[in-house]
Amino acid sequence: MEITITSNYEEMSKVSAQIIAEEIQRKHDLVLGLATGDTPIGTYQELVKIHKEEGLDFSKVKSFNLDEYLGLAPLHKNSYNYFMWENLFKHININPENVYIPQGNIKDPEQFCAWYEAQIKEAGGIDLQVLGIGRDGHIAFNEPGSSFASRTRIKALYKQTIEDNARFFDKMEDVPRFAITIGIGTIMEAKKILLIANGKNKAAVCAQFIEGPVTSQITATALQLHSYVNIVLDKDAASKLERTEYYDWVRDNKHSVQKEIGR
Ligand code: PGA
């Protein structure tokens with residue numbers, strides 16, 4: 001896992017947007033896994049900026065979102081579908097036919113989950129998966145105890161997640177209790193992973209998932225078993241890590257390996 005500690009949210013957003021932009025420039029028909037939440041908003045704003053100012057082309061990109069609240073219609077203002085169009089899609093030249101987001105109000109969610117998995121497979125798998133992290137260690141809505149082999153399915157949300165999500169809803173009773181989410185098994189099949197996190201309230205969970213033991217109780221720890229993970233944190237989210245000096249040194253000196261080999 002490569003860990004980049006940035007000085008603030010703005011820098012975290014710029015660094016992560018740059019990583020995504022480079023992947024799109026390398027492969028124009030990139031299959032991009034996307035996340036919602038407060039964390040990636042700045043990253044999406046940066047991507048919009050790169051699109052507008054440097055012509056980053058999304059016309060062939062295919063996107064798959066991680067999750068959606070069960071029961072919310074796509075146009076509901078708290079749906080992740082609404083979030084994605086407001087914060088990213090309507091500002092770039094992505095083809096709406098290439099956008100995949102779980103549909104919260106689908107009649108047969110189980111059949112839908114199987115279909116969603118099949119669409120990811122048909123697209124050739126996810127090239128780059130963008131992730132945030134919940135305070136309980138979830139990636140997508142894979143709450144504590146989710147199997148590392150799990151696929152797209154319906155998941156009951158954990159108490160802490162429901163409390164965290166409540167800020168977007170008028171009443172506690174309106175906060176959804178269930179979501180459609182891709183699984184840890186699905187995420188682990190992505191070729192590359194980019195996880196971003198910011199803020200002091202993520203410091204404990206970042207220390208646990210980066211430096212703690214692998215456990216399904218903190219599902220982000222599964223990423224320790226993935227071969228290509230970029231983690232971009234702001235300094236608050238990184239504040240409880242123990243080996244920050246080492247991570248910084250590795251990043252600053254990664255080119256010196258080439259020099260050593262060439263010597
Ligand atoms: P946040 O959510 O970006 O709003 O903190 C992250 C998550 O729950 O995955």
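Remember, it's 1-based here, ligands and their atoms both numbered in the order they're listed. Only this structure's heavy atoms are used, side chains among them; waters, hydrogens and symmetry mates stay out.
- Checking side-chain atoms of Asn98 against main-chain N and O of Ser63 turns up no donor-acceptor pair under 3.5 Å.
- Pairs passing the ring-ring contact (aromatic ring centres under 6.0 Å, His included) check and including a residue from residues 203-238, sequence neighbours excluded, do not occur.
- Through chains of ILVMFWY side-chain contacts below 4.5 Å, Tyr69 is grouped with Leu72, Tyr80, Phe141, Leu157, Ile162, Phe168, Phe169, Met172, Val175.
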Write out each pair where an N or O from ligand 1 and one from the protein are under 3.5 Å apart, with the distance.
residue	atom	partner	partner atom	Å
ligand 1	3 (O)	Asp38	N	3.2
ligand 1	3 (O)	Thr39	N	2.9
ligand 1	3 (O)	Thr39	OG1	2.4
ligand 1	4 (O)	Asp38	N	2.9
ligand 1	4 (O)	Arg167	NH2	3.2
ligand 1	5 (O)	Lys202	NZ	2.6
ligand 1	8 (O)	His138	NE2	2.7
ligand 1	9 (O)	His138	NE2	3.4

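- By the side-chain hydrogen bond (donor to acceptor under 3.5 Å, both in side chains) test, Ser227 pairs with no residue at all, sequence neighbours left out.
- Separation of the Trp115 and Phe112 ring centroids falls under the 6.0 Å cut-off.
- With hydrogens and angles ignored, the 3.5 Å screen pairs a side-chain donor or acceptor of Arg153 with a backbone N or O of Arg151.
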